[in-house]
Number of protein chains: 2
Amino acid sequence: MSGLAKTEVDLSLQHAVLGLLSVAPASGYELAKHFEQTLPRVWHAQNPQLYPVLSKLAASGKIEVSAQGPRNRSTYALTPAGRGELRHWLVEVEPDRTMRSEVYLRAFLLTFALSAKDALEVLDREAKVWQRERDGLASFIAESEQFVAPHDSHMIAYDLTLRLADAMLGWCDETRRRIEARL
Amino acid sequence: MSGLAKTEVDLSLQHAVLGLLSVAPASGYELAKHFEQTLPRVWHAQNPQLYPVLSKLAASGKIEVSAQGPRNRSTYALTPAGRGELRHWLVEVEPDRTMRSEVYLRAFLLTFALSAKDALEVLDREAKVWQRERDGLASFIAESEQFVAPHDSHMIAYDLTLRLADAMLGWCDETRRRIEARL
DNA sequence: TTATTCATGTAATGGGTTACATGATTAG
DNA sequence: CTAATCATGTAACCCATTACATGAATAA
């Protein structure tokens with residue numbers, strides 16, 4: 001069954017799009033906003049990439065235009081074939097576990113390349129950023145839990161982001177302690 | 001001071017290379033192995049990318065050939081200018097916090113796109129992978145701690161990888177519980 | 001009516017991946 | 001002597017980013 005291209009490439013962006021459309025039908029413009037607002041720490045993709053991908057997916061029958069709106073707006077929805085491809089990819093295709101994260105890279109290099117003083121300064125700045133992100137997400141989750149159950153898919157997804165932020169915060173904290181132990 | 005190109009692009013790979021060279025001088029071949037073996041969850045980069053980058057960095061005086069070996073081998077080392085550029089980037093340049101991780105993407109989509117049964121199966125497979133990685137790293141850290149202090153830079157870097165693996169494991173566990181609560 | 005947001009795109013450029021090429025050195 | 005590993009690269013292709021273009025709808 002299927003595959004998205006002749007050559008067996010991975011093409012995660014196409015699957016990311018199928019995945020977002022499995023949550024709800026959306027236009028290219030809305031997808032771009034989802035990538036920017038809810039997925040920037042997961043899968044980064046912008047506007048000019050998306051339209052060609054949507055055309056390809058439509059051409060191969062994985063998605064279809066489910067509604068036309070004002071300003072030339074086309075809302076796309078998954079077809080059964082698209083849903084099948086998404087399931088196939090999630091269940092049967094071995095994940096590519098490589099990553100490319102500037103945040104992790106900087107954390108990794110921090111203590112090799114910087115003096116204790118510089119490292120502590122950068123560490124504190126980073127910790128603040130992650131703390132703000134963590135707090136924002138935590139209170140959003142707390143509010144949402146009044147309306148949706150914790151086993152709701154959105155809650156499960158937020159939980160992942162929260163745990164990754166916590167991991168970074170824990171590391172910042174522990175690293176501060178280790179660097180201070182050097183002095 | 002400086003910057004790596006005329007146009008103010010980010011060019012993290014060049015900084016990743018400067019960072020690895022700040023740990024120890026290395027050849028292109030050795031750098032490729034470091035990226036593959038110690039950084040695959042941080043910054044992915046391969047062989048054919050590295051040689052042009054090394055030439056560019058050498059041309060701009062950020063690194064220099066510090067030793068020639070057998071088989072045409074050139075070992076590169078940071079110059080003071082390279083060390084300065086690396087510090088500048090780590091301390092003064094605002095990080096790009098976007099990521100592109102297929103692992104996170106799959107986790108994010110898992111419960112939206114799959115049945116409880118499929119989701120639990122995938123979740124268990126993932127948990128096993130992360131558990132193996134976590135255990136391997138944890139015992140490596142335990143061994144190493146007999147020889148190096150916990151404030152050693154290598155230990156600090158390993159600690160980050162360990163915490164990220166723990167975050168994934170915690171999420172797998174919690175998500176399993178949440179999905180079972182649905183049934 | 002003017003500015004903003006919505007909405008879809010194209011073109012040029014740059015970065016990343018795959019496949020391939022070449023040959024030296026070392027281990028068995 | 002043969003296979004594996006070390007070591008450096010090139011070429012073609014694909015993917016991603018930036019800048020730009022266009023125009024419709026809505027809010028002030």
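Atom set for the values below is all heavy atoms of this structure, side chains included, hydrogens, waters and symmetry mates excluded.
Residue-environment remark: NE2 (B:H151) exceeds the threshold of 12 foreign heavy atoms within 6.0 Å.
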remark   = Once base and sugar-phosphate atoms are separated, protein heavy atoms under 4.0 Å mark nucleotides 19-28 of chain C, 5' to 3', with B, S and - as B----BBS--

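Nucleotides of DNA chain D nearest to B:G28 and A:Q46 differ in position, and the one nearer the 5' end is that of B:G28. Taking for each of B:S55 and A:K56 the nucleotide of DNA chain D with the nearest heavy atom, the 5'-most of the two is the partner of B:S55.
Between B:L39 and B:H44, the closest side-chain pair of non-hydrogen atoms is not below 4.5 Å.
Geometrically, B:R125 does not engage B:W130 in a cation-pi contact, judged by NZ or CZ lying under 6.0 Å from the ring centre and within 45° of the ring axis.
With hydrophobic clusters built from ILVMFWY side chains whose heavy atoms lie under 4.5 angstrom apart, A:W171 does not share a cluster with A:L162.
With sequence neighbours excluded, the residues that form a salt bridge (Lys or Arg N to Asp or Glu O under 4.0 Å) with B:E30 are B:R73. Looking at residues two or more places apart in sequence or on another chain, you find a ring pair (Phe, Tyr, Trp, His ring centres under 6.0 Å) between A:H154 and B:F112.
Among residue pairs with one or both ends in residues 152-161 of chain B, those qualifying as salt bridge (charged side-chain N to carboxylate O under 4.0 Å, His left out) are A:R178-B:D159, B:D159-B:R163; sequence neighbours excluded.
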Report, one line per pair, each donor and acceptor closer than 3.5 Å where one atom sits in a side chain of residues 137-150 of chain B; sequence neighbours left out.
{"residue": "B:S139", "atom": "OG", "partner": "B:D135", "partner atom": "O", "Å": "3.2"}
{"residue": "B:S139", "atom": "OG", "partner": "B:G136", "partner atom": "O", "Å": "3.1"}
{"residue": "B:S144", "atom": "OG", "partner": "B:F140", "partner atom": "O", "Å": "2.8"}

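Comparing the helix axis at one end of the helix from C:dT1-D:dA28 to C:dG28-D:dC1 with that at the other, each defined from 5 consecutive pairs, gives an inter-axis angle of 30° (nearest 10°).
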